[in-house]
J.: 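One structure coming up, written as structure tokens, with questions to follow.
We name chains A, B, ... by the order of the sequence lines, and we start the count at 1 in each one.
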Amino acid sequence: MRTIIECEIDCFFVSRHFPGQRGVPLAQQPGSFNEIHARLFELQRNERLFLHPMSNAKKVRVRFAPSPTGGLHLGGVRTVLFNYLFAKQQGGDFILRIEDTDQSRFVPGAEEYITETLRWCGLNPDESPAQGGPFAPYRQSERKAGYLQYAEQLVQQGNAYYAFDTPQELEDMRNNYKTAENPSPQYNHALRSKMRNSVSLGEEATRELLANGTPYVIRIKMPENETVHLTDMIRGEVSFQTSQVDDKVLLKADGMPTYHLAVVVDDYLMQITHAFRGEEWLPSAPVHVLVWRYLFGEENMPQWAHLPLILKPDGNGKLSKRDGDRLGFPVFAMNWTDPRSNEFTQGFRERGFLPEAFVNMLAVLGWNDGSEQELFTLDELVQKFSMDRVHKGGAKFNYEKAKWFNQEWIKKLPVAAYQPLVKDILQQADINIADDALLTKVLELVKDRCTLLTDFVQQAGFFFKQPETIDTAAIKPKWDDKKQLFFVELIRAYELDASWEHDELEKIFKEIAAAHQIKPGDLMMPLRVMLVGGKFGPGVFDIAVLIGRDNTIRRIKHTLQLLQQA
RNA sequence: GGCGCGUUGGUCAAUCGGCUAAGACGCCUCCCUUUCACGGAGGAAUGACGGGUUCGACUCCCGUACGCGCUACCA
């Protein structure tokens, strides 16, 4: 894929990266576009190269524009991430804009949820509804007044028209024209003349309907036979026949714009330079290109990038919240309770994911840096991210791999980075932490055994609280009086030991075992079960050292009692 | 149905015309470990199909198949 950006600029540089990427210039190329073009062909023999305009460089501005209809899903967060990485790498701004033009779908709390998700991930916007900015307001519902004039301008220019069809009439149209070959007839250039609109009705009738206050929408008038081209940063050249695209509604009867009008107007007004969105938007891209052309000029249009979809792990198709419920993994970033249905959905955060891992995992779903590196900090991602290494095809989500990333991050990060989070989780599980220094030591000792933050409840809990249940079944089959005696004597010896150090405890243990003629290995497991409740955890003497003499002895005695009862 | 986009192991993926096709997750075997993990060594497993172009194709071109997306006064 080779892409050349055409523009009247007098200086270019050449690099391996797509225009808009930072890239290291391979050569400065002063001269006219055509002169450089000729030289580029020489250079391009062995490499894919791109031309970058040097002057007239606008500051990069990208936006994430969700509609606040519920929890933020994986794909949404990845779109945020790619926006953020691109912007920060370019020294640009990342803007959060809320697309709430559909009032019937408004969900209270959804916007706050989005803001909080971005905060959790460390992907904070430079401008947003909450913090404001030079292009406020950032909620489309609050910009309502502005859209009408653009829609009317399109009508005046002959690029759009008023349509008075009622919902019933639209439904009738679809039913009447539906055939086996064409199951979903479109409101397009062919049908336009058969419907009730300013094209079919004429000026006078239209004026009258308008004057009477008849509800209307404004639809784009798609040209009959044109090819609309689009250079996508990921897919390269994409083209559409306008005859295949319908006359999309731009302004709704309630005066609100549809997405198709609002994206264009707001991207223009907010001076957005690069627009990233999911691949599902590609089919409506020609509408947006045309609105740009008619309203603000295609040369001012942001560069588009249609991101590949995140697919469900089994079968094919877009990953949905339902798939997570069905397969047992989160899909939303954080907990979400739908205020209308009261339906609760667990998020990655509450499931025990670190934001570092969550972000890392999303970054490499559809992108990689070409090396073998898989673990990236946000800063590294900002440095290494490049749009030309984003995949075209969708990627199936793999929860096992997601967990692996979390495990790696638990190992990689200093304990201090997540100690407060773990403390919180432990306390929620009714395990109180009085000694933070002790908690640090414990976490250091058990972190390799945890995949999710919630795993610390099992792995660290017994250091602070006597196990509620003891897996005596793991001891009993091989239990006998000799072993009973061993432990009685061990208690006595441990009561007398002054050091309470790892090596000393082990030495005492082995000496007594030898005296009783029992292999230490046969006693290690029982001791472990006595101290932690089950067959898991770090070295037994490490545990004994940390929980202290009193707890160690108390737990041994407790289990001895349990064994006798049975 | 139409239109658009995609297609390398089970999954994520490298490859930019020289391939004996990396690496990771998962799976299996072994080592380390008197538990569970971590770690280490190894193994099974991949270019949808058919045509071109080329000395040479996973890589470029064209078809076919399959998958997905869109086809609302939703985004």
J.: Decide whether a cation-pi geometry holds between A:Arg143 and A:Tyr147; the criteria are a distance under 6.0 Å from NZ or CZ to the six-membered ring centre and an angle within 45° of the ring axis.
T.: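 That pair does not qualify as a cation-pi contact.
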J.: Could you tell me whether the side chain of A:Gln407 reaches within less than 4.5 Å of the side chain of A:Cys450, counting heavy atoms only?
T.: no
J.: Between B:U71, B:U15, B:C5, which one does the side chain of A:Lys248 approach most closely?
T.: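 Given the options B:U71, B:U15, B:C5, the side chain of A:Lys248 is closest to B:U71.
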J.: Rounded to whole angstroms, how far apart are CZ on A:Phe329 and P on B:C25?
T.: 20 Å
J.: If each of A:Glu280 and A:Glu181 is mapped to the nucleotide of RNA chain B with the nearest heavy atom, which maps nearer the 5' terminus, i.e. the 5' end?
T.: A:Glu181
J.: Could you tell me the separation between the CD atom of A:Gln103 and the P atom of B:C73, rounded to a whole number of Å?
T.: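 So the CD-P distance, A:Gln103 to B:C73, works out to 17 Å.
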J.: Listed by chain and number, what are the salt bridge (charged side-chain N to carboxylate O under 4.0 Å, His left out) partners of A:Arg351, not counting sequence neighbours?
T.: none
J.: Can you check whether A:Gly352's main-chain N or O pairs, donor with acceptor, with A:Thr454's side chain at less than 3.5 Å?
T.: no
J.: Using only modelled atom types and a 3.5 angstrom limit, is any donor from either the side chain of A:Arg449 or the base of B:C36 paired with an acceptor on the other?
T.: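 Per atom types, the contact qualifies.
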J.: Between A:His306 and A:Trp304, what is the ring plane arrangement, given parallel below 30°, perpendicular above 60°, and tilted in between?
T.: parallel
J.: If you take all heavy atoms of A:Met361 and A:Phe397, which pair is closest and at what distance?
T.: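 Scanning both residues completely, I find the closest heavy atoms to be SD-CE1, 3.7 Å.
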J.: Once you apply a heavy-atom cut-off of 4.0 Å, does A:Gly539 come out as touching a base, just sugar-phosphate, or nothing?
T.: base
J.: Is it true that A:Asp246 and A:Lys248 make a salt bridge, defined as a side-chain N closer than 4.0 Å to a carboxylate O?
T.: yes
J.: Assign B:C31 to syn or anti; the rule is syn for a glycosidic angle within 90° of 0 and anti otherwise.
T.: anti
J.: Students often get this wrong, so: under 4.0 angstrom with heavy atoms, is A:Gln186 touching a base, only sugar-phosphate, or nothing?
T.: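 Sugar-phosphate contact only - A:Gln186 comes under 4.0 Å of backbone atoms but never of a base.
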J.: Hey, where does RNA chain B pair up into stems, meaning at least three consecutive Watson-Crick or G-U pairs with distances under 3.5 Å?
T.: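 Stem list for RNA chain B: B:1-7 with B:65-71, B:10-12 with B:23-25, B:27-31 with B:39-43, B:48-52 with B:60-64.
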J.: Looking across every strand, which nucleic acid part, if any, lies under 4.0 Å from A:Val245 by heavy atom: base, sugar-phosphate, or nothing?
T.: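 Counting heavy atoms under 4.0 Å across all strands, no contact is made by A:Val245.
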J.: Between the protein and nucleotides 26-34 of chain B, list every N/O to N/O distance that falls short of 3.5 Å.
T.:
| residue | atom | partner | partner atom | Å |
| --- | --- | --- | --- | --- |
| B:U34 | N3 | A:Gly521 | N | 3.0 |

J.: Provide, to the nearest angstrom, the distance between the CD atom belonging to A:Glu374 and the P atom belonging to B:A14.
T.: 12 Å
J.: Just call it for A:Lys396: base, sugar-phosphate, or nothing, with non-hydrogen atoms closer than 4.0 Å on any strand.
T.: sugar-phosphate
J.: Does A:Arg105 make a side-chain N or O approach to OP1 or OP2 of B:A75 shorter than 4.0 Å?
T.: no
J.: Counting side-chain heavy atoms from C-beta on, which of B:C5, B:C38, B:G1 comes nearest to A:Lys411?
T.: B:C38
J.: When we call it a touch if two heavy atoms are under 4.0 Å apart, what does A:Val217 touch: a base, just sugar-phosphate, or nothing?
T.: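 A:Val217: base contact, heavy atoms under 4.0 Å.
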